[in-house]
Amino acid sequence: MVGRIKNSCIFGCQSRVKLAWIWLLVVLICCGCGDYGINGNEKEPARRIDTAMGTVISQTLYGEGKEEASVGVLQEITALEQNVLSWRLDTSRIYEINVNAKKGQGSMISPDMEEILQECLQVSEASRGAFDITIGEVVRLWDIDTWAGRADTENYPIPTQDDLQKALYNSGYEKIKLQDNILSMPQNLQLDLGAVGKGIALDRVRAYLQEREDISGGVISVGGSILTHGKKQSSETWKVAIVNPRDTSAYLGYLALNGGWCVSTSGDYERYVEVDGIRYHHIIDPATGYPAQSGVKSVTVLSESGLLSDALSTACLILGEEKGMTLAEQFGAEALFVDEAGEITMTDGMKAYFHLSK
Ligand code: ADP
Ligand code: MG
């Protein structure tokens, strides 16, 4: 059912280079920079790099409307963050839902929001709670986003067992109730869509691009989660690189894809703090309250759904290869795991797309 490729030399020196920029470089390389003559050539794609959702957004778009569409894509992503997904911005729907819950009130939700939450809950159930959008309080205790990349990690305040247990006690996706367009949850429960935000953004971008007949194809990266859309000018496939989790300036191989795919990667190398040789990373196992330790260094998930590729990559990193593989297959997704020894394991379906770097 699964394939294993022995790869003995992928773990090299660690790089401190910011991951999102590495991804960006990789996407640019893999989109075939230089394929198409000089700027101004109508076959030349529009390329754009921006920041939104706290990460790097890169776009390569082909078609007559490429310049205008690239502005539209950025607007879609920014609006999604500001109006819907952010747990930080008081303009967003998630923020409002969390505030209402604190006041002991339910919230009316739109059909779009209901669909997003239902899909998240499905992944939670299927992963037996490994994926859980109510784990935010525990994530905040670890506060990896603040400490990742800092020099003074000897001062990093590792959360106490006691605090973690209390925060875990308050969490739990099964406490979310969705009925008749009303979401209700206990006062101390808070939603955090951080593990699926980029994937949801890809779904939005795809819907936007599909509406535009003046766009023939493109690749959009939202912080390393990637959407392939339509066709490349040449009849080649899109190539999406998979980063080496131990040397993020190198990549293990690439996926050769037609349009219509979303690729998300979760890894313990993305955001972490190292103290006394122990790595505390940003993906938390709700079963323990501690960063996941499944023996997996990174998981890449391929799905037609951005939300699913993102949710499943997070869940699979927590569950490890065997259970993760089963989970991905349950959702019709493909997955590729890199373990601590650098060994690559993937679903059968993934083999049709993956090419190992030489
Ligand atoms: P990245 O954002 O680096 O691509 P992920 O998509 O895997 O990585 O999402 C990680 C984020 O998801 C964390 O920063 C945190 O906000 C949130 N998170 C951490 N653990 C879980 C979990 N078990 N279930 C759902 N969300 C989680
Ligand atoms: Mg994710």
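For ligands, and for the atoms within them, numbers begin at 1 and follow the listed sequence.
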Compare all side-chain heavy atoms of T265 with those of S313 and state whether any distance is below 4.5 angstrom. no
For D163, is there any backbone N or O sitting under 3.5 Å from a side-chain donor or acceptor partner on T160? yes
Between A328 and A335, the two heavy atoms sitting closest are CB-CB, 3.9 Å
Can you tell me how far the NZ atom of K351 sits from the CG atom of D348, to the nearest 0.5 Å? 4.0 Å
For the Mg ion (ligand 2), every protein N/O/S atom that sits closer than 2.8 Å, waters excluded: A195 O, D310 O, D310 OD1, T314 OG1
Could you go step by step and tell me if R204 and Y208 meet the side-chain hydrogen bond (donor to acceptor under 3.5 Å, both in side chains) rule? CA-CA 6 Å; R204 277 290 165 98; Y208 172 79; over 6 Å; no
Write down the atom of F331, the atom of Q122, and the distance for their closest heavy-atom approach. CZ-O, 3.9 Å
Ligand 1 polar-atom proximity to protein (N/O, under 3.5 Å):
{"from": "ligand 1", "atom 1": "2 (O)", "to": "K198", "atom 2": "NZ", "distance (Å)": "3.3"}
{"from": "ligand 1", "atom 1": "2 (O)", "to": "R271", "atom 2": "NH2", "distance (Å)": "2.9"}
{"from": "ligand 1", "atom 1": "3 (O)", "to": "E270", "atom 2": "OE1", "distance (Å)": "2.9"}
{"from": "ligand 1", "atom 1": "3 (O)", "to": "R271", "atom 2": "NH2", "distance (Å)": "2.9"}
{"from": "ligand 1", "atom 1": "3 (O)", "to": "H282", "atom 2": "NE2", "distance (Å)": "2.8"}
{"from": "ligand 1", "atom 1": "4 (O)", "to": "K198", "atom 2": "NZ", "distance (Å)": "2.9"}
{"from": "ligand 1", "atom 1": "6 (O)", "to": "A195", "atom 2": "O", "distance (Å)": "3.3"}
{"from": "ligand 1", "atom 1": "6 (O)", "to": "D310", "atom 2": "OD1", "distance (Å)": "3.0"}
{"from": "ligand 1", "atom 1": "6 (O)", "to": "T314", "atom 2": "OG1", "distance (Å)": "3.3"}
{"from": "ligand 1", "atom 1": "7 (O)", "to": "S266", "atom 2": "OG", "distance (Å)": "2.8"}
{"from": "ligand 1", "atom 1": "7 (O)", "to": "T314", "atom 2": "OG1", "distance (Å)": "2.6"}
{"from": "ligand 1", "atom 1": "8 (O)", "to": "H282", "atom 2": "NE2", "distance (Å)": "3.3"}
{"from": "ligand 1", "atom 1": "12 (O)", "to": "A195", "atom 2": "N", "distance (Å)": "3.3"}
{"from": "ligand 1", "atom 1": "14 (O)", "to": "R271", "atom 2": "NH1", "distance (Å)": "3.4"}
{"from": "ligand 1", "atom 1": "20 (N)", "to": "I284", "atom 2": "N", "distance (Å)": "3.0"}
{"from": "ligand 1", "atom 1": "23 (N)", "to": "A130", "atom 2": "O", "distance (Å)": "2.9"}
{"from": "ligand 1", "atom 1": "23 (N)", "to": "I284", "atom 2": "O", "distance (Å)": "2.8"}
{"from": "ligand 1", "atom 1": "24 (N)", "to": "D132", "atom 2": "N", "distance (Å)": "2.9"}
{"from": "ligand 1", "atom 1": "24 (N)", "to": "D132", "atom 2": "O", "distance (Å)": "3.3"}

Ion pair check, E137 and R140, cut-off under 4.0 Å: no
Report, as yes or no, whether the 6.0 Å neighbourhood of atom OH on Y95 holds more than 12 heavy atoms from other residues, nucleotides or ligands. no
Could you tell me whether Y280 and W147 have their ring centroids closer than 6.0 angstrom? no
